[in-house]
Amino acid sequence: MPARPPASVSTRRKHVRIKVNFTACIRNSGSGDVLVICENVSRGGLCFMSNQRYYETAHIEVAAPYSPGSPCILIPAQIVRVQELSEEKMFRCG
């Protein structure tokens with residue numbers, strides 16, 4: 001049998017991602033509440049942009065979508081991917 005090529009990122013994903021553009025609240029024991037912009041969501045998680053650095057394996061709580069002044073439900077989550085966007089001075093986290 002011929003060898004199969006490695007799976008691309010899109011075929012390795014368990015859940016379909018949906019592009020979004022809304023605010024979320026990230027709560028971290030070290031920095032308190034930080035508002036971020038979500039880029040996409042799936043059943044397995046979300047991707048957001050932040051000017052604050054987060055580290056892989058960091059445990060956080062997320063409320064998404066978030067509206068200031070409205071009650072929110074925080075869900076425990078873990079950062080599994082961080083990409084530094086040096087030109088924008090931002091970080092993309094998932």
Side-chain angles (χ1 to χ4, degrees):
M1 283 182 106
R4 291 177 29 183
S8 70
V9 172
S10 62
T11 59
R12 289 191 321 225
R13 301 212 185 276
K14 292 181 183 178
H15 307 289
V16 175
R17 292 175 182 253
I18 299 168
K19 289 187 180 202
V20 296
N21 184 18
F22 58 72
T23 303
C25 178
I26 305 295
R27 184 172 289 171
N28 181 338
S29 61
S31 62
D33 292 355
V34 175
L35 299 183
V36 299
I37 301 298
C38 287
E39 291 186 328
N40 66 61
V41 296
S42 73
R43 187 173 180 171
L46 55 85
C47 177
F48 63 88
M49 298 276 288
S50 176
N51 58 4
Q52 180 173 328
R53 181 186 240 339
Y54 292 91
Y55 294 95
E56 291 181 8
T57 73
H59 291 275
I60 59 172
E61 293 179 296
V62 180
Y66 175 77
S67 294
S70 298
C72 65
I73 298 172
L74 290 158
I75 306 297
Q78 183 176 17
I79 303 289
V80 296
R81 181 174 177 265
V82 178
Q83 176 186 12
E84 183 174 1
L85 306 170
S86 54
E87 288 184 17
E88 294 92 350
K89 297 181 182 175
M90 300 281 284
F91 298 91
R92 178 176 286 127
C93 304

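Residue numbers start at 1 and run along the sequence shown.
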#### Entry: Heavy-atom closest contact (Y54 atom, V82 atom, distance)
O-CG2, 3.3 Å
### Summary
Interatomic distance, CG@L35 vs OG1@T23, rounded to 0.5 Å, equals 6.5 Å
### Query
Should M90 and F22 be counted in the same cluster of Ile, Leu, Val, Met, Phe, Trp and Tyr side chains packed under 4.5 Å apart?
no
### Query
Distance from N28 atom CG to S50 atom OG, nearest 0.5 Å?
10.0 Å
#### Entry: Closest non-hydrogen atom pair between Y55 and I79, with its separation
O-CB, 3.5 Å
### Message
I'd like to know if V62 and V36 are part of one continuous hydrophobic network [Ile/Leu/Val/Met/Phe/Trp/Tyr, side-chain heavy atoms within less than 4.5 Å].
### Response
yes
### Message
For R81 versus E56, what's the shortest heavy-atom pair and its separation?
### Response
CA-OE2, 3.8 Å
### Message
Show the nearest heavy-atom pair for residues C47 and R17, with the distance to one decimal.
### Response
CB-NH1, 4.3 Å
### Message
So, taking the atom named CD in E84 and the one named SG in C93, what distance separates them when rounded to the nearest 0.5 Å?
### Response
10.5 Å
### Query
Should V41 and I26 be counted in the same cluster of Ile, Leu, Val, Met, Phe, Trp and Tyr side chains packed under 4.5 Å apart?
yes
### Message
On a heavy-atom basis, which atom in F91 and which in R53 lie closest, and how many Å separate them?
### Response
CE2-NH1, 3.2 Å
### Nearest atoms (heavy-atom pairs only) where L74 meets C25
CD2-O, 4.3 Å
### Query
Is there a chain of hydrophobic side chains (I, L, V, M, F, W, Y, each step under 4.5 Å between heavy atoms) that links V20 to L46?
yes
## Note on the structure
CD1 (I75) and CD (E61) are apart, to the nearest 0.5 Å, by 9.0 Å
### Distance in Å, M49 CE paired with Q83 CD, rounded so as to fall on 0.5 Å steps
8.5 Å
